[in-house]
Protein chains: 2
Amino acid sequence: MQEQLVFRAISDPTRRSIMAMLASGERSLNDITAHYEMTRPAVAKHLKILEQGGLISVRAQGRERLHRLQPDALKTVADWVNFFSQFWDEKLENLKQAVELDNE
Amino acid sequence: MQEQLVFRAISDPTRRSIMAMLASGERSLNDITAHYEMTRPAVAKHLKILEQGGLISVRAQGRERLHRLQPDALKTVADWVNFFSQFWDEKLENLKQAVELDNE
DNA sequence: TTGACATGAAACTGTATGGTTTCCTATAAA
DNA sequence: TTTATAGGAAACCATACAGTTTCATGTCAA
């Protein structure tokens, strides 16, 4: 999975909104589309880009295809932001590093 | 500052690379351009987008204009990622919240 | 005060992106 | 075994975006 695909995926507000929606559970394409004022193919394209970024996965259930959030893909972004966080909050940074060491 | 402008700014690999470069200190446009295989106006446009996202600031010094990283703007991204981090690491999440409370 | 240098700005180009409409396929249910 | 429903795919369109070339502006130094 290319790092760039994650950053590309989260760059669009509609896609970030879809991610927030999926945080509460799996949803079908029609289900998601109902929340937006755009056509189904448009939403399907957004979902494709989220999938390419590894941020969601899809499983077929009958004639539906349920989309599920895969938040682990955001670790790429978290790591990137974390590098810069040292410049704004060393205390938080140090604590996070301690936690990560503790997790190993 | 629109949240979207930050996400847009960090969506491009060249711009993320420029941010990494500025982490080590202020640099002029010519200085930055020397590290890339693109023209000066192209780099200037990237810098403009980073500035619009609040991620860098610019100060004139003689005929140079020095670009400086403003990492605080990344808090917007950090907060957004942090919302999802609860799904992958509750322990880290709880600790970070504790730190934030401690900072108040 | 002229020349060199650092940058800004405008005009232009090709491609990526977000959206549409239209049509096709597959599954569930009557 | 039709019919309605869920989704996929192709063709198309307008605009945004990343890049270029060219020219103008401002400042330092000789």
Side-chain angles (χ1 to χ4, degrees), chain A residues 1-22 25-70 73 77, chain B residues 1-22 25-70 73 77:
Chain A
M1 192 64 64
Q2 281 325 115
E3 165 175 299
Q4 173 55 19
L5 294 179
V6 180
F7 281 95
R8 185 207 165 190
I10 67 170
S11 70
D12 185 275
T14 299
R15 291 194 286 269
R16 291 197 302 279
S17 168
I18 290 174
M19 289 179 66
M21 189 184 309
L22 294 182
E26 293 180 316
R27 288 181 184 271
S28 70
L29 172 56
N30 268 346
D31 194 353
I32 298 168
T33 303
H35 291 75
Y36 298 95
E37 293 189 340
M38 65 180 78
T39 60
R40 187 159 38 78
V43 174
K45 286 185 184 180
H46 283 303
L47 291 171
K48 194 68 181 172
I49 292 171
L50 285 169
E51 193 183 355
Q52 288 171 348
L55 290 161
I56 65 171
S57 62
V58 191
R59 72 182 179 92
Q61 188 180 49
R63 60 184 163 182
E64 287 191 330
R65 297 181 72 245
L66 297 179
H67 302 78
R68 169 175 237 142
L69 191 65
Q70 295 293 338
V77 180
Chain B
M1 193 65 64
Q2 281 323 115
E3 164 175 298
Q4 173 56 17
L5 293 179
V6 179
F7 281 95
R8 185 208 164 187
I10 68 170
S11 70
D12 185 274
T14 299
R15 289 194 287 267
R16 291 196 302 277
S17 168
I18 290 174
M19 288 178 68
M21 188 183 310
L22 294 182
E26 292 180 315
R27 287 180 185 273
S28 71
L29 172 58
N30 268 347
D31 195 352
I32 298 168
T33 303
H35 292 75
Y36 298 94
E37 293 189 338
M38 66 180 74
T39 61
R40 189 159 37 76
V43 174
K45 286 185 183 180
H46 283 302
L47 291 171
K48 194 68 182 174
I49 291 170
L50 285 169
E51 194 183 355
Q52 287 171 348
L55 289 160
I56 65 172
S57 61
V58 191
R59 69 183 181 93
Q61 188 180 48
R63 58 183 164 183
E64 287 189 331
R65 296 182 73 244
L66 297 180
H67 302 77
R68 169 174 237 142
L69 190 64
Q70 295 292 339
V77 180

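Because the structure is a prediction, the values reported are computed rather than measured. So that the names make sense, note that chain A is the first sequence line, chain B the second, and so on, each numbered from 1.
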With respect to the phosphate group of [N], does any side-chain polar atom (N or O) of [X] fall under 4.0 Å of OP1 or OP2?
{"X": "Asn30(B)", "N": "dT7(C)", "value": "yes"}
{"X": "Thr39(A)", "N": "dG19(C)", "value": "no"}
{"X": "His46(A)", "N": "dG19(C)", "value": "yes"}

Item to check | 5′-ward residue of the pair Leu66(A)/Arg15(B) relative to DNA chain D | outcome: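 Between the two, 5'-proximity favours Leu66(A).
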
A side-chain contact here means heavy atoms from C-beta on lying under 4.5 Å apart; do [X] and [Y] qualify?
{"X": "Glu26(B)", "Y": "Gln61(B)", "answer": "no"}
{"X": "Arg65(A)", "Y": "Leu29(A)", "answer": "no"}
{"X": "Arg27(A)", "Y": "His35(A)", "answer": "yes"}
{"X": "Leu22(A)", "Y": "Ile32(A)", "answer": "yes"}
{"X": "Met21(A)", "Y": "Tyr36(A)", "answer": "yes"}

Roughly, in whole Å, what's the span from [atom1] in [X] to [atom2] in [N]?
{"X": "Asp12(A)", "N": "dT17(C)", "atom1": "CG", "atom2": "C1'", "result": "9 Å"}
{"X": "Gln61(A)", "N": "dA28(C)", "atom1": "CD", "atom2": "C1'", "result": "13 Å"}
{"X": "Arg40(B)", "N": "dT7(C)", "atom1": "CZ", "atom2": "C1'", "result": "6 Å"}
{"X": "Lys48(A)", "N": "dA16(C)", "atom1": "NZ", "atom2": "P", "result": "18 Å"}
{"X": "Leu29(A)", "N": "dT27(C)", "atom1": "CG", "atom2": "C1'", "result": "16 Å"}
{"X": "Leu47(A)", "N": "dG19(C)", "atom1": "CG", "atom2": "C1'", "result": "15 Å"}

Checklist outcome for this item: The answer to which of Arg8(A) and Val43(A) contacts DNA chain C further toward the 5' end, by nearest nucleotide, is Arg8(A)

Checklist entry - On DNA chain C, nearest-nucleotide positions of Ile49(A) versus Glu64(B): which is more 5'? => result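 Its nucleotide being nearer the 5' end, the pick is Glu64(B).
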
Checklist entry - Using a heavy-atom cut-off of 4.0 Å to chain A, what are the terminal contacting nucleotides of DNA chain D, in 5' to 3' order? => result dA4(D) to dA11(D)

Checklist entry - Do the side chain of Arg15(A) and the main chain of Ile10(A) share a donor and acceptor less than 3.5 angstrom apart? => result no

Item to check | Value rounded to 0.5 Å, distance of NE2 in His67(A) from CD in Glu51(A) | outcome: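 The NE2 atom of His67(A) sits 7.0 Å away from the CD atom of Glu51(A).
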
Checklist entry - dT22(C), dA6(C), dA28(C): which one has an atom nearest the side-chain heavy atoms of Arg63(A)? => result dA28(C)

